[in-house]
Amino acid sequence: MLYQLAEVERLLDDGPGLYVRYSAGFAADLEDGSFDAESGLPLPGLPAFPLDCEEWWTLPRAEWTARQISRLPAPRHAPQDGSRPERFAWLLRGRGVGHAPDGEVLVGDVEVVGRLAECLIEQADRVWGARFEAELGRREAELVSVAHA
């Protein structure tokens with residue numbers, strides 16, 4: 001379990017190919033398989049958000065990391081009615097093998113790195129919110145999801 005953004009930063013220092021994913025975990029992902037929900041087509045990897053900064057990013061790496069983690073639904077927003085397995089944020093290493101229909105990187109050759117504690121996600125939310133117009137981005141994301149509903 002990872003509790004601080006600084007721990008994620010140290011993992012980024014170990015080399016490229018670090019991603020964050022929100023699911024019921026790697027074992028469940030393996031059991032269920034990775035597929036596009038709309039078309040039913042199998043995907044060649046797990047959809048995840050990259051934690052490696054893009055070359056154009058000139059702000060501190062910690063802010064990129066916080067932004068990427070803040071894009072995920074936090075566990076506190078998961079349904080508690082037992083209708084589906086617990087979902088959580090976790091880190092993986094691997095190589096990009098394509099892109100999912102929603103733009104996430106599809107990651108192959110997955111190595112599980114660790115689960116993100118809720119306090120780490122909250123820390124990412126604070127860092128991102130202090131630097132960016134986070135509420136504006138969240139409202140825009142909500143409008144897009146409502147428009148596609």
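Annotation: side chain of Leu59 is in contact with side chain of Arg131 (closest heavy-atom distance under 4.5 Å). Using a 4.5 Å cut-off on side-chain heavy atoms (C-beta onward), His99 and Glu104 make no contact. Within the 4.5 Å cutoff, the side chain of Arg21 has heavy atoms near those of the Leu92 side chain. You'll find the side chain of Phe26 reaches within 4.5 Å of the side chain of Val110, heavy atoms only. Side-chain contact check for Leu5 versus Ile69: some heavy-atom pair is nearer than 4.5 Å.
Under the 4.5 angstrom side-chain criterion for Ile, Leu, Val, Met, Phe, Trp and Tyr, Phe35 has no cluster partners at all.
A donor-acceptor distance shorter than 3.5 angstrom exists from the side chain of Glu7 to the backbone of Tyr3, with no hydrogens or angles considered. In terms of modelled atom types and a separation under 3.5 Å, the side chain of Ser70 and the main chain of Ala124 share a donor-acceptor contact. Remark: side-chain polar atoms of Glu111 are not paired, donor with acceptor, to backbone N or O of Arg93 under 3.5 angstrom. One N or O on the side chain of Asp52 and one on the backbone of Gly17 form a donor-acceptor pair closer than 3.5 Å.
Between the CG atom of Leu12 and the CZ atom of Arg10 there is a distance of 11.0 Å, given to the nearest 0.5 Å. The structure places CD of Gln123 at 11.0 Å from OG1 of Thr65, a figure rounded to the nearest 0.5 Å. Rounding to the nearest 0.5 angstrom, the gap separating the OH atom in Tyr19 from the CZ atom in Phe49 is 12.5 Å. Taking CD from Glu63 and SG from Cys53, the interatomic distance works out to 10.0 Å, rounded to the nearest 0.5 Å. How far CG of Leu11 is from CG of Leu51: 9.5 Å, rounded to the nearest 0.5 Å. For the atom pair CH2 (Trp90) and CG (Leu2), the distance works out to 12.5 Å, reported to the nearest 0.5 Å.
Under the 4.5 Å side-chain heavy-atom criterion for grouping Ile, Leu, Val, Met, Phe, Trp and Tyr, Val97 is not connected to Val105 through any hydrophobic cluster. Note: the hydrophobic cluster containing Tyr22 does not contain Leu43 (ILVMFWY, side chain heavy atoms under 4.5 Å, direct or indirect links).
Across every non-hydrogen atom of Pro101 and Asp36, the tightest pair is CG-OD1, 3.5 Å. What you find for Val107 and Gly94 is that their closest heavy atoms are CG1-CA, 3.7 Å.
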Intermediate values then yes/no, side chain to side chain contact (heavy atoms under 4.5 Å, CB included), Phe88 and Leu116: CA-CA 8 Å; Phe88 52 87; Leu116 303 184; over 6 Å; no
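Of the charged side-chain nitrogens involved, none lies within less than 4.0 Å of a carboxylate oxygen, so that Glu54 and Arg61 do not count as a salt-bridged pair.
Applying the side chain to side chain contact (heavy atoms under 4.5 Å, CB included) test between Pro47 and each of Asp29, Leu106, Asp102 identifies Leu106 as the sole match.
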